[in-house]
Amino acid sequence: MKIPSQVAENARSTPAGTVWLSRLPETLRTLAARWSLTVGDPFDHEDLTGGWVAPVRLPDGTPAVLKLANPHMEGEHEIQGLRFWDGDPTVRLLEAAEDYNAMLLERCLPGTTLRSMPENEQDFVIAGLLKRLWRPPVAPHPFLRLSLMMKHWSDLTFADAKKWPDAGLVREGLRLFDELPRTATSEVLLATDLHAGNVLRSERKPWLVIDPKPFVGDPAYDPTQHLFNCVERLLSASDRMFRHLGDLLGVEHERIRLWTFARAAAEPRDDWNSKEMLAVARATAP
């Protein structure tokens with residue numbers, strides 16, 4: 001069984017991931033037999049680090065994708081999110097094995113990522129997808145609140161306090177992690193990880209979303225991942241980008257800015273000496 005190096009490295013960074021990685025060959029054999037799949041070599045590129053993902057064929061020859069997801073808090077309800085969105089605007093969930101955190105998914109063909117388009121054109125696609133994703137789930141539902149992810153992040157960041165490069169910036173970011181979820185005027189189901197690498201060209205629709213990490217919370221949070229994937233523009237024209245995306249999404253641009261700053265300043269990370277994240281934090285600071 002081939003396992004891309006970045007998938008293995010990411011898995012070994014946590015105890016749960018290490019266990020998941022050790023069981024991966026057995027998991028693949030079990031699910032390939034359960035769903036009668038012909039399995040190809042896994043996809044291997046920089047956007048795929050959180051799980052083992054490979055092209056497969058169903059018994060009738062239909063192309064699909066098998067995703068064996070590395071368990072982690074942020075992706076805990078991906079299966080339920082795909083059921084909620086039901087192919088609009090995400091890939092369709094064909095089958096799921098929740099005990100294995102495994103998904104059999106619609107195959108996007110040709111599967112080109114949105115990165116193939118200029119960044120300023122990506123803005124319009126991302127905004128259109130977000131507006132289709134943003135629906136309030138009806139209770140009872142399984143989805144966690146965005147405030148819980150912020151609490152989780154804050155705990156991890158506080159544990160690294162000795163590594164902070166600018167304590168004032170980090171503390172202000174942590175303050176906003178607490179404040180922004182409480183002051184949201186509306187709450188919807190968020191994708192939380194929507195960027196050009198997680199949007200694929202397909203035959204069914206021009207673009208479909210993959211790899212959502214659903215949480216219920218402030219819509220102004222959701223453009224931030226796209227912004228972090230356009231860091232040169234973000235650093236050179238941050239105010240223009242916030243206003244532009246705010247107008248496209250019908251969201252208060254100042255809240256987008258505050259969320260972007262909070263993440264750049266206080267999101268947990270392996271490398272607290274990242275000059276890029278520090279530059280974004282300073283460029284977007286309140």
Tell me whether [X] at atom [atom1] has more than 12 heavy atoms from other residues, nucleotides or ligands lying less than 6.0 Å away.
| X | atom1 | result |
| --- | --- | --- |
| Glu9 | CD | no |
| Glu254 | CD | yes |
| Arg34 | CZ | yes |

Between [X] and [Y], is any pair of side-chain heavy atoms under 4.5 Å apart?
| X | Y | result |
| --- | --- | --- |
| Phe84 | Pro137 | yes |
| Leu169 | Leu278 | yes |
| Phe158 | Arg171 | yes |
| Met103 | Ile79 | yes |
| Glu232 | Glu119 | no |
| Ile126 | Val199 | yes |
| Ile210 | Val53 | no |
| Leu109 | Pro63 | yes |

Examine [X] and [Y] and state if one hydrophobic cluster contains both, with Ile, Leu, Val, Met, Phe, Trp and Tyr joined whenever side-chain heavy atoms are less than 4.5 Å apart.
| X | Y | result |
| --- | --- | --- |
| Met73 | Tyr100 | no |
| Leu28 | Leu105 | no |
| Phe228 | Leu156 | no |
| Trp207 | Val65 | no |
| Phe215 | Leu82 | no |

Give a yes or no on whether a salt bridge exists between Asp239 and Arg243, defined as a side-chain N under 4.0 angstrom from a carboxylate O.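 Looking at Arg243 together with Asp239, the answer is yes, because their closest N to O distance falls below 4.0 Å.
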Charged N to carboxylate O under 4.0 angstrom, Glu78 versus Lys67?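 Looking at Glu78 and Lys67, the cut-off is met.
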Can you tell me how far the [atom1] atom of [X] sits from the [atom2] atom of [Y], to the nearest 0.5 Å?
| X | Y | atom1 | atom2 | result |
| --- | --- | --- | --- | --- |
| Thr260 | Glu267 | OG1 | CD | 11.0 Å |
| Gln122 | His195 | CD | NE2 | 11.0 Å |
| Glu179 | Glu172 | CD | CD | 8.0 Å |
| Leu31 | Glu95 | CG | CD | 10.5 Å |
| Glu106 | Glu203 | CD | CD | 9.5 Å |
| Trp134 | Leu189 | CH2 | CG | 12.0 Å |

Decide yes or no on side-chain contact (heavy atoms from CB on, under 4.5 Å) for Leu66 and Trp35, but give the supporting numbers first. CA-CA 10 Å; Leu66 177 64; Trp35 292 328; 3.8 Å; yes
Under 3.5 Å, is there a donor-acceptor pair between the side chain of [X] and the main chain of [Y]?
| X | Y | result |
| --- | --- | --- |
| Ser238 | Thr284 | no |
| Trp85 | Arg132 | no |
| Thr183 | Leu180 | yes |
| Asn198 | Asp193 | yes |
| Thr192 | Lys213 | yes |
| Trp52 | Pro25 | no |
| Asp178 | Leu174 | no |
| Arg57 | Gly40 | no |

Which residues satisfy the ring-ring contact (aromatic ring centres under 6.0 Å, His included) test with [X], sequence neighbours excluded?
| X | value |
| --- | --- |
| His253 | none |
| His45 | none |
| Phe43 | none |
| Tyr221 | Trp259 |

Where is the tightest heavy-atom contact between [X] and [Y], given as atom of each residue plus distance?
| X | Y | value |
| --- | --- | --- |
| Ala191 | Leu133 | CB-CD1, 3.9 Å |
| Pro223 | Leu249 | CG-CD1, 3.4 Å |
| Ala54 | Val39 | CB-CG1, 4.3 Å |
| Asn70 | Gly17 | OD1-CA, 3.5 Å |
| Arg233 | Asn120 | NH1-CA, 3.9 Å |
| Ile256 | Thr224 | O-CG2, 4.3 Å |

Can Phe242 and Leu227 be said to form a side-chain contact (heavy atoms from CB on, under 4.5 Å), step by step? CA-CA 9 Å; Phe242 296 142; Leu227 287 165; 3.6 Å; yes
Salt bridge (Lys or Arg N to Asp or Glu O under 4.0 Å): which pairs involve residues 272-286, sequence neighbours left out? Asp166-Arg282
Suppose the criterion is salt bridge (Lys or Arg N to Asp or Glu O under 4.0 Å): which pairs have a residue in residues 214-224, not counting sequence neighbours?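 Passing the test, one end in residues 214-224: Asp218-Arg255.
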side-chain contact (heavy atoms from CB on, under 4.5 Å) between Val216 and Leu146, worked out: CA-CA 6 Å; Val216 176; Leu146 184 62; over 6 Å; no
How are the rings of His77 and Phe143 set relative to one another: parallel (under 30°), tilted (30 to 60°) or perpendicular (over 60°)? perpendicular
Judged by modelled atom types alone, do Gln6 and Asp44 share a side-chain donor-acceptor pair under 3.5 Å? yes
Under a plain distance cut-off of 3.5 Å, with no hydrogens placed, do Asp155 and His152 share a side-chain donor-acceptor pair?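 No, no side-chain donor-acceptor pair sits under 3.5 Å.
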For Arg92, the option from Arg204, Arg107, Arg83 that meets side-chain contact (heavy atoms from CB on, under 4.5 Å):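 The side-chain contact (heavy atoms from CB on, under 4.5 Å) with Arg92 is passed solely by Arg204 among Arg204, Arg107, Arg83.
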In sequence, state the C-alpha distance, the side-chain angles, and the governing distance for Gln80 and Glu98, and then conclude on side-chain contact (heavy atoms from CB on, under 4.5 Å). CA-CA 10 Å; Gln80 293 85 349; Glu98 295 187 38; 3.5 Å; yes
